[in-house]
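Residue numbers start from 1 in every chain, and the chains themselves are labelled A, B, ... in the order their sequence lines are given, proteins ahead of strands. Owing to the predicted nature of the structure, the values given are computational and were not obtained by experimental measurement.
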Amino acid sequence: MAPRTRFAPSPTGFLHVGGVRTALYNWLVARQAQGAFILRIEDTDAARNREEWVEGIFDSMRWIGLDWDELYRQSERGALYVDAAAKLEASGLAYWCDCAREAVDARAAARKGPPGYDGFCRERGLGPGEGRALRFRPPDEGATIVPDVIRGAPSFDHATLDDPVIVRSSGDPMFVLANVVDDLDMRITHVIRGEEHLPTTPKYLLLWDALGGGEHPTFAHVPVLVNEKRQKLSKRRDPVALEQYRDEGYLPEVMLNYLALLGWSSPDGEEKLTVEDMLANFRIEDVGNSPAFFDVAKLRAFNGDAIRALSSDEFIARAAPWLEAPHAPWEPEAFDAVAFARLAPLVQERVFRLAEVTAMVDFVFLEEAPVDEGSWIKAMKPHASALLDAVIAAYEICPWEAEHLKAALIEAGEGLELKLKVAQAPVRVAVTGRTVGPPLFESLEVMGREGVLTRLRDARGRL
RNA sequence: GGUCCCAUCGUCUAGAGGCCUAGGACACCACCCUCUCAAGGUGGCGACACGGGUUCGAAUCCCGUUGGGACUGCCA
């Protein structure tokens with residue numbers, strides 16, 4: 001039977017890199033066996049969901065290349081959940097409860113017991129009504145084991161399960177119910193999700209059976225992604241939004257490659273993988289079982305390697321979005337594609353993220369050099385005046401090609417007993433505003449004699 | 001507190017009883033190259049959490065300890 005997998009995000013924020021990884025694993029399992037990958041928006045909590053987040057999820061999924069075969073939104077499937085709830089109630093597996101959160105907490109505190117619902121309404125025989133929620137009643141006896149391809153078969157005693165609310169007093173279904181009903185309805189064969197869902201899986205299975213589900217899906221609870229403090233990556237405190245990485249200029253294929261490696265490795269040990277490589281070698285049962293740190297430094301290194309591996313034309317095409325508003329600081333008409341193309345190969349060697357391209361070439365398109373104060377102080381030593389005078393004189397007549405510009409600067413420096421390494425600094429800062437950047441003489445060549453001389457004279461005047 | 005999960009270099013991992021003197025990648029350090037910064041090249045530092053077993057032999061199997069994490073919502 002062809003696998004049917006699903007990625008079921010809740011639209012309560014940006015798409016999270018951890019979510020993208022589980023989406024990728026689901027996608028791989030479906031795609032490598034001609035199965036179906038389903039995108040299901042779990043928006044049963046109307047108070048938290050926002051349409052813009054749903055759009056953001058679609059955008060992010062498309063950007064990174066995870067295409068889906070079927071799309072569902074739980075907010076449009078209410079009737080299914082109502083039916084399931086009625087079925088559970090009719091079979092005596094669910095009951096109505098009117099306990100407020102405060103009352104539940106107060107009772108727990110009073111008996112000095114563990115927090116959680118105590119089953120207060122189990123035998124009260126309440127019917128539906130205002131302020132009443134429907135709770136599912138797991139069995140008191142026995143245990144449920146969860147066969148999991150990456151975790152073995154953890155067992156959960158039914159006695160430790162409390163009675164989860166499956167329908168809110170508003171009438172809307174809760175995650176535990178909608179999730180199971182949909183997996184059943186969509187004939188999901190593999191439930192691949194974060195390990196944070198493991199503790200609720202016994203309830204999932206009990207509900208599945210209560211609803212007459214038949215054969216269980218295969219479970220794979222993948223380890224969570226953690227921050228440097230080894231805590232689960234959180235939208236609140238960690239940089240986890242996929243679109244943030246997109247905006248910084250990480251390549252989508254690199255993002256996917258890096259994410260795949262967090263918990264999984266190719267059998268041949270190769271780390272630089274294409275989607276085709278992953279499709280050929282990925283096995284969900286090979287995913288590791290311990291939490292992985294999302295290491296931006298390694299992601300960045302991979303991204304730099306990938307940028308360098310691009311052809312020059314590809315690089316120019318990929319960088320294009322960062323060369324215009326709102327990323328670029330220069331006036332649109334000041335941009336010169338030919339000039340950029342000449343510098344592009346030199347820039348390509350030096351950036352790790354496409355967003356860095358802008359600062360590498362801005363001096364060419366800006367009216368004045370973007371002066372960096374620290375660079376100015378570092379470069380404009382006492383010898384700078386004499387050096388700039390000599391360079392200006394030489395550049396007024398020197399053939400305008402990198403090699404000649406270099407030779408002229410070497411000569412100007414020799415007159416002052418300055419090595420090229422030292423002599424180039426004032427010129428670089430005068431023209432580009434910074435001590436770091438693409439090779440100087442090629443930069444000067446691209447800028448042209450007039451622009452360069454203007455800046456050199458301007459800098460000389462400010463000394 | 002309770003339930004469950006996890007444990008190899010700083011990080012991501014390879015490792016399914018002898019192939020391990022524990023391999024790779026990122027990071028870091030040194031040197032080379034060099035007009036800055038990168039890139040590139042060479043070399044280096046660096047781990048089986050601890051304690052018991054089982055076995056001729058354990059990073060690999062079992063138990064315990066310690067440490068970390070997830071969950072414990074009318075969130076998903």
Can you work out whether A:Arg428 or A:Pro154 has the more 5'-proximal nearest nucleotide on RNA chain B?
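It is A:Pro154 whose nearest nucleotide is closer to the 5' end.
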
A:Ser265 or A:Asp162, whichever maps to the more 5' nucleotide of RNA chain B
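First, find each residue's nearest nucleotide; the 5'-ward one identifies A:Ser265.
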
Tell me, please, whether A:Tyr204 has A:Arg193 positioned over its six-membered ring: NZ or CZ under 6.0 Å from the ring centre and within 45 degrees of its axis?
yes

Between A:Arg283 and A:Asp286, does at least one N-O distance fall below 4.0 Å, as a salt bridge requires?
yes

Please determine whether a side-chain nitrogen of the Lys or Arg among A:Lys229 and A:Asp238 lies less than 4.0 Å from a carboxylate oxygen of the Asp or Glu.
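No, no charged N to carboxylate O under 4.0 Å.
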
Looking only at the side chain of [X] (C-beta and beyond, no hydrogens), which of the listed nucleotides [options] gets closest?
X        : options             : answer
A:Glu349 : B:C71, B:A27, B:A38 : B:A38
A:Phe441 : B:A25, B:C35, B:C6  : B:C35
A:Val436 : B:C37, B:A39, B:C35 : B:C37
A:Phe293 : B:C12, B:C35, B:A39 : B:C12
A:Ala133 : B:A70, B:C74, B:C35 : B:C74
A:Ala301 : B:U11, B:C26, B:C35 : B:C26
A:Arg101 : B:C74, B:A39, B:C71 : B:C74

Between [N] ([atom2]) and [X] ([atom1]): distance, integer Å:
X        : N     : atom1 : atom2 : answer
A:Leu273 : B:U13 : CG    : C1'   : 13 Å
A:Asp295 : B:C9  : CG    : C1'   : 14 Å
A:Asp268 : B:G15 : CG    : C1'   : 15 Å
A:Asn257 : B:C26 : CG    : P     : 13 Å
A:Glu196 : B:C4  : CD    : P     : 18 Å
A:Asp163 : B:U72 : CG    : P     : 16 Å

According to the Watson-Crick and G-U wobble definitions, with both distances under 3.5 Å, which nucleotide is paired to [N]?
N     : value
B:U3  : B:A70
B:G64 : B:C50
B:C9  : none
B:G43 : B:C29
B:C56 : B:G18

Stepwise side chain to side chain donor-acceptor pair (under 3.5 Å) check, A:Ser311 with A:Asp313
CA-CA 5 Å; A:Ser311 71; A:Asp313 287 345; 5.5 Å; no

Between [X] and [N], is there a side-chain N or O to OP1/OP2 distance below 4.0 Å?
X        : N     : result
A:Ser290 : B:C5  : no
A:Arg48  : B:C74 : no
A:Lys298 : B:U11 : no
A:Arg135 : B:C74 : yes
A:Asn289 : B:A7  : yes
A:Lys421 : B:U36 : yes
A:Arg168 : B:A76 : yes

Within the 4.0 Å heavy-atom criterion, would you say [X] contacts the bases, only the backbone, or no part of the nucleic acid?
X        : answer
A:Gly437 : base
A:Arg300 : nothing
A:Pro438 : base
A:His221 : nothing
A:Thr12  : nothing
A:Phe294 : nothing
A:Tyr258 : nothing
A:Leu261 : sugar-phosphate
A:Glu42  : sugar-phosphate
A:Gly304 : nothing
A:Glu195 : sugar-phosphate
A:Glu356 : nothing
A:Gly171 : nothing

Is a donor-acceptor contact shorter than 3.5 angstrom present between the side chain of [X] and the base of [N]?
X        : N     : value
A:Glu271 : B:G24 : yes
A:Arg350 : B:U36 : yes
A:Glu442 : B:C35 : yes
A:Ser170 : B:C74 : no

Please evaluate residues A:Arg6 and A:Asp182 with respect to the criterion salt bridge (charged side-chain N to carboxylate O under 4.0 Å, His left out), reporting the C-alpha separation (whole Å), side-chain torsions for both, the decisive distance (0.1 Å), and the verdict.
CA-CA 10 Å; A:Arg6 45 72 163 182; A:Asp182 279 345; over 6 Å; no

Less than 3.5 Å apart, any donor N or O on the side chain of A:Ser266 or A:Asp268 sitting next to an acceptor on the other?
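Yes, because at least one side-chain N or O of A:Ser266 sits under 3.5 Å from a partner of the opposite role on A:Asp268.
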
Would you say the side-chain atoms of A:Glu356 and A:Trp322 include a donor-acceptor pair closer than 3.5 Å?
no

Nearest-0.5 Å distance that lies between atom OG1 in A:Thr218 and atom CD in A:Glu285
9.5 Å

Going by side-chain contact (heavy atoms from CB on, under 4.5 Å), A:Leu387 matches just one of A:Val422, A:Ile392, A:Leu418. Which one?
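Per the side-chain contact (heavy atoms from CB on, under 4.5 Å) rule, the option paired with A:Leu387 is A:Leu418, out of A:Val422, A:Ile392, A:Leu418.
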
